[in-house]
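This report concerns only the one structure given below.
Order of listing sets the numbers, starting from 1, for every ligand and every atom in it. What you see is a predicted model; the values in this text were computed from it and never measured.
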Amino acid sequence: MGAVVFDRQIAGEGTPEIQWQAWSGLGQLPLVTLDDLVPPACRAMVLAPHPDDEVIGFGGLLSMLAARGSPVLVIALTDGEASHPGSRQWPPAKLAEARISESLAGLRQLGLPPCSQNRLALPDGKLAVSEDFLAQRLAELLQPRDVVFSTWQLDGHPDHEAAGQVAARVCSQRGCRHWQAPVWMWHWARPGDTRVPWPHLRRLALPANSLRNKALALAAHRTQLVPQDTGAPAVLPGFALARMQRGFEYFMPVEATL
Ligand SMILES: [Zn+2]
């Protein structure tokens, strides 16, 4: 929270879920199937700028892939050590340790083993300074038939945007399919917002068991769900969680995002 990227400001409570649900445009976005997103012979590589983004943006997708027995690799870009600035309860090193455990617990709820995750431990909040290193690691980790999922490169959080930009660059060089997911967009944008390429967004319907697994995985991220000892509110309060527990997840192909 609090990050500002040009006019995509993440502040306050953002657009309430009730407004999104009242907007007919949301339900008119074209559906996409699991096989459309990740053909059965392919591996899915999911880039999570912070521990919890893999659940918020892709938890339902990951649960469906786990149920299908598809190979999955989640790349944890940072350990999320900057979510509690000034906290005595959660100094950065202790927080990073807790968030790594929360992420593994969340993946378990989605049906994925710990070996599905690869941690890069890049600096939280400063991903942009590590872009070249990240591009190099991604290029090393990518396999020819991978489908890459990242946060949207105009998502409003600098780390989310850096992850999207680097993934777009590497995927274009390697000829890999790439989908981007909005995460904080649902906070700063409004229904029909002209800053969002709505015609390109696709939605994946989540079956009931995947939706349940996603809710359990979100609940594993305890450090993000409670108010902080500094008096700061929870990183993911109820109004934010409401936007993350829809029956759909949303993706756009990378050529639509540039
Ligand atoms: Zn994030």
Side-chain angles (χ1 to χ4, degrees), residues 1-6 8-15 45-62 74-85 87 90 92 95-96 98-107 110 117-131 134 138 148-168 179-189 214 217-226 228 232-237 239-246 249-252 257:
M1 299 286 258
V4 179
V5 181
F6 302 108
R8 304 182 292 283
Q9 188 172 357
I10 303 168
E13 296 196 3
T15 302
M45 179 188 279
V46 171
L47 307 188
H50 311 103
D52 71 10
D53 287 318
E54 71 277 22
V55 184
I56 296 168
F58 315 94
L61 170 74
L62 287 170
V74 175
I75 314 284
L77 304 184
T78 78
D79 292 334
E81 70 276 10
S83 68
H84 288 51
S87 170
W90 293 111
L95 181 59
R99 297 196 69 185
I100 292 164
S101 300
E102 289 171 350
S103 180
L104 290 172
L107 291 179
L110 298 174
Q117 191 190 57
N118 187 317
R119 283 178 48 232
L120 300 188
L122 297 172
D124 184 5
K126 302 188 191 96
L127 208 48
V129 302
S130 307
E131 278 189 4
L134 175 56
L138 286 186
V148 175
F149 292 84
S150 72
T151 41
W152 182 31
Q153 65 195 62
L154 296 173
D155 198 41
H157 187 299
D159 289 345
H160 288 212
E161 300 202 351
Q165 285 163 14
V166 171
W179 294 85
Q180 297 192 346
V183 173
W184 284 110
M185 179 276 278
W186 300 110
H187 184 101
W188 56 258
K214 180 173 180 174
L218 271 172
H221 290 268
R222 289 192 202 98
T223 57
Q224 307 302 294
L225 301 174
V226 294
Q228 303 187 12
V235 178
L236 300 177
F239 60 78
L241 288 171
R243 294 188 288 256
M244 297 165 186
Q245 302 196 61
R246 294 184 194 150
E249 286 177 351
Y250 302 81
F251 306 98
M252 53 189 125
T257 66

Note to self: Checking Glu81 now: which residues fulfil salt bridge (Lys or Arg N to Asp or Glu O under 4.0 Å) with it, not counting sequence neighbours?
What the structure shows: none
Note to self: Tell me every residue that passes side-chain contact (heavy atoms from CB on, under 4.5 Å) with Leu120, counting only those two or more places apart in sequence or in another chain.
What the structure shows: Ile75, Leu77, Asn118, Leu122, Leu134, Arg137
Check: With a cut-off of 2.8 Å, does any N, O or S atom of Asp159 fall short of it relative to the Zn ion (ligand 1)?
Finding: no
Note to self: Strictly under 2.8 Å, is the Zn ion (ligand 1) approached by any N, O or S atom of His160?
What the structure shows: yes
Notebook entry, point to check: Does Glu54 reach the side chain of Ser103, with side-chain heavy atoms less than 4.5 Å apart?
Noted result: yes
Next item on the list: Looking only at non-hydrogen atoms, find the nearest pair between Asp79 and Arg99 and report the distance.
Entry: O-CB, 3.6 Å
Checklist line | His50, N/O/S atom nearest the Zn ion (ligand 1) | finding: ND1
Next item on the list: State the atom name: nearest N, O or S atom of Asp53 to the Zn ion (ligand 1).
Entry: OD2
